[in-house]
Number of protein chains: 2
Amino acid sequence: MPKRVDHEARRTEIAEALWRIAGTRGLDGVSLREVAAEADISLGRLQHYFRTKDEMLLFALRHINSLAERRIRERLGAPAAGPDRGEDQDRGEDQDPDPEQGPGPSPRVVLRACLAGMLPLDEKSRVGALVGAAYFARAVHDERLCEEAREGIPRLAEFFAALLRGAQERGELAAGRALDPYTEAMLLISLVDGLTTYTLLGVQTGEEALARLDAHLERLFADAG
Amino acid sequence: MPKRVDHEARRTEIAEALWRIAGTRGLDGVSLREVAAEADISLGRLQHYFRTKDEMLLFALRHINSLAERRIRERLGAPAAGPDRGEDQDRGEDQDPDPEQGPGPSPRVVLRACLAGMLPLDEKSRVGALVGAAYFARAVHDERLCEEAREGIPRLAEFFAALLRGAQERGELAAGRALDPYTEAMLLISLVDGLTTYTLLGVQTGEEALARLDAHLERLFADAG
């Protein structure tokens, strides 16, 4: 048991070294040797934990996403509700959150917290977005790396769609045409992805990105009843 | 004059070699030497045209964007209207298109053609999106590369905002809350960016991406009057 913890701790330390590189000069062309140097361990030791750069990148991505998820849950004060963007070893409960239950925050509040939490508004989420950008650049040429998104994104979309259905049932969604929750969920995820891109590129500030996200949510939830 | 043409032709050939690499194994860690080999010229000759990988990447990105722009214009049969995502040496006229003028296609038709043209729906636009992804991965760590997006994206957003204002004046935009054209334009660009990401990753098909874009446009233009 302690051995397992040590193993995870060491993998996390290596992932953190990867994040530091992602947050500064980027991961383009970075070798395992350079990550080992940043983590202050030998290449052989690093390869004991990660055989390839992609394996390491996936671990780093999942871990940074699970930290982001935890931050969002804490902010909401609602441990059961949060996005599910990757594997999280210490989860296990609430695989299918029910946004209707209990006196917790409303679906809109949860949705907004999740989406805002995905934007690069502070240093932690900025590094997370940069790791995500490095993942994207490699995954478009690697079927196995794509799997992560092909499993994770529909799961996240389902989670958002459930929140939207909850809001719809409470009469909080914009009326007019009937909205398809899954379509709206994928639009929201795509929107946040694009807003993240243009924030990282300095086309807009984080505040502008958030204001634009809010404009979209306002339309989605406006004129209810 | 012929010399200038040769120069451009050679630069274009090199850019096309870069696209082929971007379309297959990707540009991560690719050297100038490898691009020279793909273009079937010597490294020295390539460096005569491009001193750095970034210089070459920018040229390739601008050129592929100008080709995409031309395809969209042709599809619309309206040479004056089209997105402006980068420098295009053989343009010069119509820097500020007036979406209100003439009997051409409606603002909605132009907007939809531009946005759909930005999605990776065929091989050419897929390669364009992959070059864009390679640009993004490098630009987040390079202030000078960011400049391209910091100039190009607001210009594209202004173009879309002008189309949206045109539609608004024609009473074609959704009523309800007053929409801010520039905000809506940035939302559209971000949306297409994210839809492109998830299409390249195989999370959704190109058809699904287009259907989701159309759902958003439908809402934007619905209930007019």
Side-chain angles (χ1 to χ4, degrees), chain A residues 22-31 129-130 133-134 136-143 145-154 157 174 176-177 179-180 183-184 186-198 200-204 208-209 211-213 215-216 218-220 222-223, chain B residues 22-31 129-130 133-134 136-143 145-154 157 174 176-177 179-180 183-184 186-198 200-204 208-209 211-213 215-216 218-220 222-223:
Chain A
T24 50
R25 62 200 164 101
L27 297 174
D28 188 52
V30 164
S31 65
L130 288 171
F136 171 59
R138 291 179 74 85
V140 289
H141 298 287
D142 187 305
E143 277 298 308
L145 280 178
C146 276
E147 276 308 308
E148 185 73 7
R150 284 183 201 158
E151 286 174 18
I153 298 298
R177 310 204 168 221
L179 298 175
D180 173 54
T183 298
E184 295 304 326
M186 279 302 296
L187 287 173
L188 283 167
I189 293 170
S190 301
L191 198 59
V192 165
D193 188 89
L195 288 172
T196 296
T197 298
Y198 297 119
L200 290 181
L201 291 174
V203 170
Q204 62 191 356
E208 286 169 332
R212 283 161 189 165
L213 169 63
H216 182 79
E218 188 62 32
R219 177 182 33 223
L220 202 54
D223 308 324
Chain B
T24 51
R25 62 201 164 100
L27 297 174
D28 187 51
V30 164
S31 66
L130 289 171
F136 171 59
R138 290 179 74 84
V140 290
H141 299 287
D142 186 306
E143 276 298 308
L145 279 179
C146 276
E147 276 309 308
E148 185 74 6
R150 283 183 203 161
E151 286 174 17
I153 296 298
R177 308 197 171 226
L179 298 176
D180 173 53
T183 297
E184 295 303 325
M186 278 304 294
L187 286 174
L188 283 167
I189 293 171
S190 301
L191 198 58
V192 165
D193 189 89
L195 288 172
T196 295
T197 297
Y198 296 119
L200 290 181
L201 291 174
V203 170
Q204 61 191 357
E208 285 170 333
R212 283 162 187 164
L213 169 63
H216 182 80
E218 188 62 31
R219 178 183 28 227
L220 202 53
D223 309 323

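Just so you know, these numbers use all the heavy atoms, side chains as well, and skip hydrogens, waters and symmetry mates. In what follows, chains are A, B, ... by sequence order, proteins preceding strands, each numbered from 1.
- Interface remark: Ala211(B) contributes no atoms to any contact with chain A (heavy atom separation under 4.5 Å).
- Of the two parts of Leu130(A), only the side chain, counted from C-beta on, holds a non-hydrogen atom closer than 4.5 Å to a non-hydrogen atom of chain B.
- Heavy atoms of Gln204(A) lying under 4.5 Å from chain B belong exclusively to its side chain.
- Heavy atoms only, all atoms of each residue included: Ser190(A) and Leu195(B) are closest at OG-CD2, 3.4 Å.
- Here the CG-CG distance, from Leu191(A) to Leu191(B), works out to 5.5 Å after rounding to the nearest 0.5 Å.
- To the nearest 0.5 Å, atom CD1 of residue Ile153(A) and atom OH of residue Tyr198(B) are 4.0 Å apart.
- With chain A as partner, the option from Leu213(B), Leu145(B), Leu200(B) having the largest number of non-hydrogen pairs under 4.5 angstrom is Leu200(B).
- Between the CG atom in Leu201(B) and the CZ atom in Phe136(A) there is a gap of 5.5 Å [rounded to 0.5 Å].
- When heavy atoms are compared at a cutoff of 4.5 Å, Thr24(A) approaches chain B solely by way of its backbone atoms N, CA, C and O.
- Heavy-atom pairs under 4.5 Å with chain B peak, among Ala149(A), Ala157(A), Gly23(A), at Ala149(A).
- Neither the backbone nor the side chain of Ala134(B) comes within less than 4.5 Å of any heavy atom in chain A.
- Formation of a donor-acceptor pair under 3.5 Å by the His141(A) side chain with backbone atoms of Ala22(B) is found in this model.
- Of the two parts of Ile189(A), the backbone and the side chain both hold a non-hydrogen atom closer than 4.5 Å to a non-hydrogen atom of chain B.
- Looking at Arg150(B), the atoms closer than 4.5 Å to chain A (heavy atoms on both sides) sit in the backbone and in the side chain alike.
- At least one side-chain heavy atom of Arg219(A) sits less than 4.5 Å from a side-chain heavy atom of Arg219(B).
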Could you please spell out the steps behind the side-chain contact (heavy atoms from CB on, under 4.5 Å) verdict for His216(A) and Thr183(B)? CA-CA 9 Å; His216(A) 182 79; Thr183(B) 297; over 6 Å; no
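- Side-chain contact between Val203(B) and Pro154(A) is present, with heavy atoms from C-beta onward closer than 4.5 Å.
- Looking only at heavy-atom pairs under 4.5 Å with chain A, the residue among Asp142(B), Val192(B), Val140(B), Thr196(B) that has the most is Val140(B).
- Only the backbone of Arg25(A) comes within contact range of chain B, judged by heavy atoms closer than 4.5 Å.
- Only the side chain of Glu184(B) comes within less than 4.5 Å of a heavy atom in chain A; its backbone stays farther off.
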